[in-house]
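The figures here come from the full heavy-atom set of this structure, side chains too, leaving out hydrogens, waters and symmetry mates. Worth saying up front: this structure is predicted, and the values here are computed from it rather than measured.
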Amino acid sequence: MGCYIGVDGGGTFTDCAAMDEAGRLYYAKAATTQDDFAAGMFDALAALAEECGTTTPELIAAAERFSLGTTVGTNLLVERRGARTGLLATAGHGDSILMMRGTGRTAGLELDLLFHPQATAKPTPLVPRALIEEIDERVDYKGDEIVPLDEEAVEAAVRRLVREAGVAAIAIAFLFSFKNPAHELRAMEIVRAVAPDVYVCCSHQVAPRLGEYERTVATVINSYVAPASAAYFRGAADRLHETGLRHPLLVMQVSGGVLPAGKAVEIPLTSLGSGPVGGLIGSLSLARRLGHKSIIATDMGGTSFEVGLIIGGEPLVGDENVIDQYRYRLPRLETTSIACGGGSLARVDPHSRSIRVGPESAGAEPGPVCYRRGGTEPTVTDADLVLGLLSAEGFLGGRMPLDREAAVHAVAALGEQVGLDPDETAAGIVRINNARAAELIRQQTVVRGYDPRDFLVYAYGGAGPLHAFAFAQELGVKDVVVPLGNGASTLSAYGCSTSDLVLNIEREQLFFAPFPADELNSLVAELESEALASMGQMGRDTEEVEIERYGLMRYSGQWLHTLLVRLPQGELTAEALHRAVDDFRSSYDTLYGSGAGLVSQGVELITTRIHAVVRLPRPAQAVEKTFKKPPPRAGRLGTREIFWPARMERLESEVFDGRELRHGNRVSGPAVIELPYTSIAVGVGQTLDCDAIGNFVLRLDRPQGAAAACAAAAVPAGAAGAAARLSGGGSC
């Protein structure tokens, strides 16, 4: 029987998900092997094969589709393990990537650091100044050649970079190359002639957008990660095919779809951050089936906490990316991340002498103290174990017992520094971490003009279901969906397996409203032809391809406040384009407030984008038809004392085996649902229901913010004093 496999690798764990032809789902995970990501993938596939009752070769041979999401490129960048890269830039503009528009000190950092500039610094340069070569050439903003390309200078620069400096990749980023790429293309020819083994790419191919710095960053990052990423994709594909894979390996893209590995290696930049996008796609797939229109998708793993929004049944599409403080533009499904996960380290802040959680993380190695891999500082996972929210024996399906005694010792040592006992310290760690998660959600909703109380929260990742009972309640959210139950921990892998083939083609060309219909129709036709031709190269017929059109618009004179507006199908008439401008104004008012637009300055369309999709077949997920309200006796594992952070006291709490819960079962808190790859906390006054396709729905009690929780009558005497010694980061 065929199956559909998704893998998300590169984080603390490598996750796998598979669906068979009958719609049954299977999940597995294994520790990521940082030295050889493919090895970790095959470890996870071996565990998945065991879940499916087969062997790894048989499982892979049965795959009708195999999709891979990865953080390999991101890891290469953050850990500075990418290729030694040189840069060819227009004469006089070699320092652009080093100057960073003045935002390099703070781009992508958490808000509290913005108020402490002395604690910030520019990142380590991806390309040292000694590896930047300036070339005499110039194309103006209209694409006309002003200064011809100095080909001899290009050849000399390449020889120096390769033979003397030892670069393995070269990025070419000339001014206004997206208007006329002739100079970049000729320079690429020279690089390939002089150094055929060196990877080379051009800015007009990677990021054909206005913005010299952002375009250069995108091109350099692409070159920096390309050799290792390409080797990983090709190596994984070769090994999978040798093991029996019958179809091309598909690679997850930040656009929200997949591409064949052979296509993905052309511009590996588009796969950076694809893991979190996989989770958002998995949430979208389930939300559409359940009829949920407004979703806050939250992914809390071992290192980070990711947030994405689904509005009106569609995910938000972003245009700006920040990785390690480097900012660039690339179409992507919008997700925002902070260092707020199970591995976040808890320390005493040297200035306030209170507990601070993150942004540093224990990562996969050495990991939390309770992993017994050499970690010495307490983490959020250690705090969960001390409180009793996590079971020491049931972690990772019992395959990885945790050391509770070591966690208690580490948490107690931290508590001694601030005058708290181990329970109070662990509760403080968890509350601070949850407050940081809630604050990120507020930033992504309230700042955009949305009320989080109008949304459902989807909580997934290994740590998300365990903490959602608190961070969602702080927001006033009524219901939390733990998607696919045990599959919540591997939702990004599930999202990879359900993704369609997606390709974005765009062109930057400025039009002023009222937009010229003839010129736009001509441009759209050209871009659509390019998209169809590219899909054809991937073996897809024109009839399979669905085309969506978008325009990136702004008020004249503005740079950052652009909005993506859908353009109608068929011929673009003056009336249709006028409605598109009205849609832009309406969206702008929703986001920034009525009357905020610079109406007198008019509207510009700066980028036209074609979004091409091929819907890939997949089976319908199996539905459970029986309905039983009381949980079965086999699902009750007994009780244990849990120290609930909101109550600041230990309560006897029921413990359930989530694998035994069925459609209609209801659990009342305080309780914990244990699953092989995650656990779900059900707080006091909360209930949890199981639906027909395996999702758990956590129904929260009355909204209660963190400040209210600290002052609630249920908090025992003395707890307020303990709370006062925790971090002042909005946790209590």
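Arg549 places a side-chain heavy atom less than 4.5 Å from the side chain of Leu572. Side-chain contact between Leu552 and Glu506: absent, with no pair of heavy atoms (C-beta onward) separated by less than 4.5 Å. Using a 4.5 Å cut-off on side-chain heavy atoms (C-beta onward), Phe176 and Glu212 make no contact. Side-chain contact between Val254 and Leu333 is absent, with no heavy-atom pair separated by less than 4.5 Å. Looking at heavy atoms from C-beta onward, Met553 lies in side-chain contact with Phe515 at the 4.5 angstrom threshold. Taking 4.5 Å as the limit, every side-chain heavy atom of Leu269 sits out of range of all side-chain heavy atoms of Val225. In this structure, Leu286 and Leu484 have side chains that are in contact, with non-hydrogen atoms separated by less than 4.5 Å. Counting heavy atoms from C-beta outward, Val603 and Phe584 have side chains that approach closer than 4.5 Å.
Rounding to the nearest 0.5 Å places CD of Glu604 at 11.0 Å from OG1 of Thr607. Taken from CG in Leu605 to OH in Tyr550, the straight-line distance is 14.0 Å, to the nearest 0.5 Å. For the atom pair Glu508 CD and Lys179 NZ, the distance stands at 7.5 Å (nearest 0.5 Å). We find the CG-CZ distance between Leu175 and Arg138 to be 5.0 Å, quoted to the nearest 0.5 Å. Distance check: Thr124 OG1 to Asp324 CG gives 7.5 Å after rounding to the nearest 0.5 Å. Distance check, rounded to the nearest 0.5 Å: CD of Glu184 to CD1 of Ile172 gives 6.5 Å.
Between the side chain of Ser522 and the backbone N or O of Asp518, no donor-acceptor pair lies under 3.5 Å. Using modelled atom types, no side-chain atom of Asn521 and backbone atom of Glu571 make a donor-acceptor pair closer than 3.5 Å. Formation of a donor-acceptor pair under 3.5 Å by the Asp299 side chain with backbone atoms of Pro276 is not found in this model. In this structure, Arg453 contributes its side chain and Val477 its backbone to no donor-acceptor pair below 3.5 Å. Side-chain atoms of Ser96 do not come within 3.5 Å of backbone N or O of His93 as any donor-acceptor pair. Side-chain atoms of Asp140 come within 3.5 Å of backbone atoms of Gly143 as a donor-acceptor pair (strictly under, hydrogens ignored). Using a distance-only test at 3.5 Å, with no hydrogens or angles considered, no donor-acceptor pair links the side chain of Ser285 to the main chain of Ile281. Lys263 places no side-chain N or O within 3.5 Å of a backbone atom of Met535 that could act as its donor or acceptor partner. Checking side-chain atoms of Ser534 against main-chain N and O of Ala531 turns up no donor-acceptor pair under 3.5 Å. In this structure a side-chain-to-backbone donor-acceptor pair under 3.5 Å is present from Thr573 to Ala576.
Taking the charged nitrogens against the carboxylate oxygens, Arg609 and Glu548 have no contact shorter than 4.0 Å, which rules out a salt bridge. We find that Asp319 and Arg332 are not joined by a salt bridge, their nearest charged nitrogen and carboxylate oxygen being 4.0 Å or further apart. Salt bridge status for Arg327 with Glu320: present, with a side-chain N to carboxylate O gap under 4.0 Å. Between Glu544 and Arg615 there is no salt bridge, since none of the side-chain N atoms of the basic residue sits less than 4.0 Å from a carboxylate O of the acidic one. In this structure, Glu439 does not pair ionically with Arg436, as no charged nitrogen and carboxylate oxygen lie closer than 4.0 Å. The pair Glu474-Arg442 meets the salt-bridge criterion, since a charged nitrogen lies less than 4.0 angstrom from a carboxylate oxygen.
When all heavy atoms of Ala574 and Ala517 are compared, the closest pair comes out as N-CB, 4.4 Å. Between Cys201 and Ser223, the shortest heavy-atom contact is SG-OG, 3.0 Å. Across all non-hydrogen atoms, the minimal contact from Cys340 to Met300 is O-CG, 3.6 Å. Closest heavy-atom contact between Arg329 and Gly211: NH1-CA, 4.4 Å. For the pair Ser499 and Gly495, the tightest heavy-atom approach, listed with the atom from each and the gap, is OG-O, 2.7 Å. When all heavy atoms of Ile547 and Gln569 are compared, the pair lying nearest together is O-NE2, 3.0 Å.
Defined by atom type and a distance below 3.5 Å, a donor-acceptor pair is present between the side-chain atoms of Tyr592 and His561. A donor-acceptor contact closer than 3.5 angstrom links the side chains of Glu145 and His183. In this model, a donor atom of one side chain and an acceptor atom of the other lie less than 3.5 Å apart for Ser177 and Ser203. Checked by atom type, the side-chain pair Gln253/Ser274 shows no donor-acceptor distance below 3.5 Å.
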- Task: May I have the step-by-step check of side-chain contact (heavy atoms from CB on, under 4.5 Å) for Leu280 and Ile310, ending in yes or no?
- Result: CA-CA 8 Å; Leu280 188 56; Ile310 297 172; 4.0 Å; yes

- Message: As a quick check of understanding, evaluate ring-ring contact (aromatic ring centres under 6.0 Å, His included) for Phe471 and Phe305, giving each step before the final call.
- Response: CA-CA 12 Å; Phe471 69 71; Phe305 179 66; 5.4 Å; yes

- Task: Could you check Val697 against Val480 for side-chain contact (heavy atoms from CB on, under 4.5 Å), going step by step and ending with a plain yes or no?
- Result: CA-CA 6 Å; Val697 182; Val480 174; over 6 Å; no

- Would you check, one step at a time, whether the test side-chain contact (heavy atoms from CB on, under 4.5 Å) holds for Leu87 with Thr216? CA-CA 9 Å; Leu87 171 63; Thr216 302; 3.9 Å; yes

- Task: Decide side-chain contact (heavy atoms from CB on, under 4.5 Å) for Val258 and Val251; before the verdict, give the C-alpha distance in whole Å, the side-chain angles of both, and the deciding distance to 0.1 Å.
- Result: CA-CA 5 Å; Val258 292; Val251 176; over 6 Å; no

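Each of Ile295, Asp479, Ile311 was checked for a side chain to side chain contact (heavy atoms under 4.5 Å, CB included) with Phe455, and the lone residue meeting it is Ile311.
Enclosure of atom NZ in Lys478 is not indicated, since only 12 or fewer non-hydrogen atoms of other residues, nucleotides or ligands lie within 6.0 angstrom. At most 12 non-hydrogen atoms from other residues, nucleotides or ligands lie less than 6.0 angstrom from CE of Met99.
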